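Nothing here was measured: the structure is a model prediction, and the numbers come from that model.
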Amino acid sequence: MIESPDPGRMDLRPIKEGFHPDADRIISNAIRINAIRRARSRSGLIGELHAFARPLIAAAAIILILAATSLALTPLATQPARPDVVLAHWARTNHVPTNGELLFAFEGYGR
């Protein structure tokens with residue numbers, strides 16, 4: 001491959017002139033080099049956003065997977081035990097319940 005005098009362009013005429021055993025490799029390298037040059041030529045805010053887009057998407061996907069897993073493994077709500085069982089346990093253990101424990105055991109003020 002010979003660099004042409006025109007910047008940003010490559011001269012691939014030697015491949016066209018005849019069968020070249022490494023033509024596929026040379027063309028794939030030329031395409032790769034062209035992609036690298038395009039990525040380097042991006043500037044400003046768009047270039048910076050493009051540079052960080054893939055890692056941000058990967059991080060968001062990991063966070064989404066972790067959140068879904070934690071929601072799937074966490075029980076939604078626990079049913080309070082029957083009040084007579086709770087009162088019997090408190091009596092056996094000489095436990096003095098707090099206001100919150102009483103509200104939880106009797107399911108609020110409605111009872």
Side-chain angles (χ1 to χ4, degrees):
M1 273 186 320
I2 302 170
E3 286 287 332
S4 72
D6 186 15
R9 302 199 66 167
M10 290 184 198
D11 183 14
L12 298 176
R13 282 180 284 164
I15 295 173
K16 184 179 179 185
E17 291 170 0
F19 176 74
H20 196 283
D22 293 330
D24 290 337
R25 184 180 57 82
I26 292 171
I27 291 172
S28 68
N29 284 338
I31 291 170
R32 183 180 53 82
I33 290 169
N34 188 29
I36 291 171
R37 284 183 181 167
R38 282 187 185 175
R40 286 183 183 164
S41 69
R42 291 185 181 128
S43 62
L45 181 62
I46 301 296
E48 291 177 23
L49 290 176
H50 180 71
F52 291 110
R54 282 191 178 178
L56 287 177
I57 291 171
I62 290 172
I63 291 171
L64 180 66
I65 290 169
L66 290 175
T69 304
S70 68
L71 284 175
L73 297 177
T74 304
L76 294 178
T78 57
Q79 294 293 328
R82 293 188 353 226
D84 57 340
V85 174
V86 175
L87 287 175
H89 174 71
W90 288 340
R92 278 192 312 271
T93 60
N94 292 327
H95 176 70
V96 178
T98 63
N99 289 339
E101 290 172 329
L102 288 169
L103 288 172
F104 184 74
F106 293 104
E107 299 174 0
Y109 294 106
R111 276 190 138 174

Are V86 and F106 connected in the hydrophobic side-chain network, where two residues link if heavy atoms are under 4.5 Å apart?
yes

Between side-chain atoms of residues 92-103 and protein atoms elsewhere (two or more places apart, or another chain), which donor-acceptor pairs fall under 3.5 Å?
residue : atom : partner : partner atom : Å
T93     : OG1  : H89     : O            : 2.9
H95     : NE2  : E101    : OE1          : 2.8
H95     : NE2  : E101    : OE2          : 3.4
T98     : OG1  : E101    : N            : 3.2
E101    : OE1  : T98     : N            : 2.9

Donor-acceptor contacts, no H, no angles, side chain residues 65-72, under 3.5 Å, sequence neighbours left out:
residue : atom : partner : partner atom : Å
T69     : OG1  : I65     : O            : 2.8
S70     : OG   : L66     : O            : 3.4
S70     : OG   : A67     : O            : 2.9

Would you name the heavy atoms of A105 and P83 that are closest together and state the gap between them?
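Smallest heavy-atom distance, with atoms named: O-CG, 3.6 Å.
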
